[in-house]
Amino acid sequence: MRSHISINRYAHGHLVGARSTAAPLREQVEEALAGGGEMVFDFSKVEATQSFIDELVGVLILRHGPDVLARLVFKSCSDDVRAIIEFVAADRCDQYIKAHSH
Amino acid sequence: MPTPVHLPASISARTADTSILACNRLIERGGDALVDASLLRFADPFGMALLGATFHMVQAQGRAISVRGLHHAIAGYLHRMDVFRAVELIDSTPQLNDRRERSDALVELTRLHHRRQVDEAAYRLAVTLIGSIPGVDANAPPDEMTGYTAFDRLVEPIQYALGELLENALTHGRRQGFGDACVWVASQYYRKSGLIRLGVVDNGCGFLATLRNHPDLRRQDHLEAILTALRPRISCNRDLRFGMESVNQGVGLTTVARIAEHAGGRLTIVTGNAIHDTVGRSRALLGGAFWQGVAIGVVCRRDRLPGIRFSELLPPYTGARPQLRFE
């Protein structure tokens with residue numbers, strides 16, 4: 001089963017920014033993922049800060065490990081959003097692997 | 001009558017030492033506060049946020065503030081910027097029209113107390129600042145390729161920078177027993193120079209308190225704490241720990257510095273007894289000045305903002321890249 005979240009709904013103007021906006025959204029995602037299936041983040045017509053993406057995606061990786069990425073789909077990302085997601089995911093996967101390699 | 005505290009001729013990032021010294025005297029002196037502003041001729045957003053924070057802290061001690069000798073040339077400006085909330089002005093009648101007739105765009109001093117205010121405030125302040133710049137049309141049609149207007153391209157880097165700085169102040173600044181810390185923000189566009197200036201000042205615990213136990217902090221002093229905080233992936237809470245309210249990737253302040261740099265500008269950062277300018281000047285504040293919290297001044301060129309791409313601001317990453325699903 002696929003769940004969808006339209007990120008644009010949480011934007012002020014064209015930007016989603018604060019961690020405090022992303023944190024409750026991530027809690028919704030964790031509840032949905034706990035029930036199985038996958039989550040689609042729709043980034044149509046919205047830009048995002050690195051902090052927002054880290055609170056949404058980076059914390060999911062730190063809590064559940066890199067395998068959680070297989071259940072996440074990033075839709076309609078601008079080049080900037082895509083680059084930020086790639087950076088956050090790579091950095092947090094690296095951190096998770098180092099922390100769990102002992 | 002209380003002994004007056006004299007404000008210097010300039011309250012600004014450029015004159016941070018003397019500006020903060022005057023604020024220190026106001027905060028530390030007992031009884032009601034009398035401010036002699038007869039020398040004051042210039043205040044930038046950094047200075048206004050600093051004054052706003054200082055006046056708030058003095059008033060929170062139950063002390064009244066009176067300001068005397070304010071020159072009419074700056075009285076209307078500071079009044080318009082809302083610096084003198086609940087402050088008695090002696091022998092000075094602000095001439096509000098003086099300021100309104102000038103073409104520089106300014107946004108009033110704003111105080112934030114809750115993290116949940118950050119996104120809305122960053123957007124509102126950025127839109128107000130950019131929207132008040134002469135010749136910038138908020139209702140211009142969007143670019144057909146990108147869907148963004150020229151207005152959007154000016155607003156977003158400012159919104160991004162303000163959001164990061166405000167959220168940092170209301171999270172990191174509130175550790176170590178500073179749970180009631182606030183953040184003050186002011187901004188202005190200077191038409192003649194084409195510069196945008198932001199001032200973001202908090203009265204929280206400061207960088208050194210948040211980074212005190214960080215393994216990358218080589219010396220326990222305020223200047224080292226600023227330099228450490230500016231390095232990517234340095235944060236007091238990069239890891240998930242039990243009881244932590246949130247994590248941080250340690251990239252936010254670095255990104256704000258790079259926004260300023262890409263827009264032909266810089267950050268001036270003050271915390272404790274140290275000042276650092278991202279063009280490379282670092283030193284202790286002169287005269288024993290000390291700011292409890294963090295005070296940041298941002299300056300950048302308006303005409304360089306539309307060219308900023310957020311992806312270009314990220315720190316380099318050379319490690320393995322996980323498989324991601326984009327549609």
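In what follows, chains carry the letters A, B, and so on, assigned in the order in which the sequence lines appear, proteins first and then strands, with residues in each chain numbered from 1. These numbers come from a predicted model, not from an experiment.
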How close do [X] and [Y] get, counting heavy atoms only, and between which atoms?
| X | Y | value |
| --- | --- | --- |
| A:I85 | B:L324 | CG2-CD1, 4.1 Å |
| A:S20 | B:E167 | N-OE2, 3.0 Å |
| A:L15 | B:E156 | CD2-O, 4.1 Å |
| B:P322 | A:L69 | CB-CD1, 3.8 Å |
| B:F310 | A:D80 | N-OD2, 3.3 Å |

Item to check | Winner by heavy-atom pair count (cut-off under 4.5 Å) against chain A, out of B:R124, B:E312, B:Q159, B:R321 | outcome: B:Q159
Item to check | Non-hydrogen side-chain atoms of A:F87 and B:P315 separated by less than 4.5 Å | outcome: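 Yes, their side chains come closer than 4.5 Å.
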Next on the checklist: Classify the ring geometry of B:Y148 against A:H14: parallel below 30°, tilted from 30° to 60°, perpendicular beyond 60°.
Outcome noted: perpendicular
Checklist entry - Where does the angle between the aromatic ring planes of A:H12 and B:Y123 fall among parallel (under 30°), tilted (30 to 60°) and perpendicular (over 60°)? => result tilted
Between [X] and chain A, which part of the residue has a heavy atom less than 4.5 Å away: side chain, backbone, both or neither?
| X | answer |
| --- | --- |
| B:Q323 | backbone |
| B:D119 | both |
| B:F326 | both |

Checklist entry - Which residue out of A:R82, A:E86, A:K75 racks up the most heavy-atom pairs below 4.5 Å with chain B? => result A:R82
Checklist entry - Highest number of heavy-atom pairs under 4.5 Å with chain B: which of A:A70, A:P66, A:A48, A:A23? => result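 Of A:A70, A:P66, A:A48, A:A23, A:A70 has the most heavy-atom pairs under 4.5 Å with chain B.
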Checklist entry - Got a second to check how far A:F74's CZ is from B:E327's CD, nearest 0.5 Å? => result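 Output value for this atom pair is 11.0 Å.
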Item to check | Rounded distance (nearest 0.5 Å) linking atom CZ of B:R115 with atom CZ of A:R19 | outcome: 8.5 Å
Neighbour count above 12 (heavy atom, 6.0 Å) for [X] [atom1]:
| X | atom1 | value |
| --- | --- | --- |
| A:R2 | CZ | yes |
| A:D79 | CG | no |
| B:R116 | CZ | no |

Checklist entry - Taking atom types as modelled, is there a side-chain donor on A:E47 or B:Y160 under 3.5 Å from an acceptor on the other? => result no
Item to check | Side chain / backbone / both / neither for A:R71 at chain B, heavy atoms under 4.5 Å | outcome: backbone
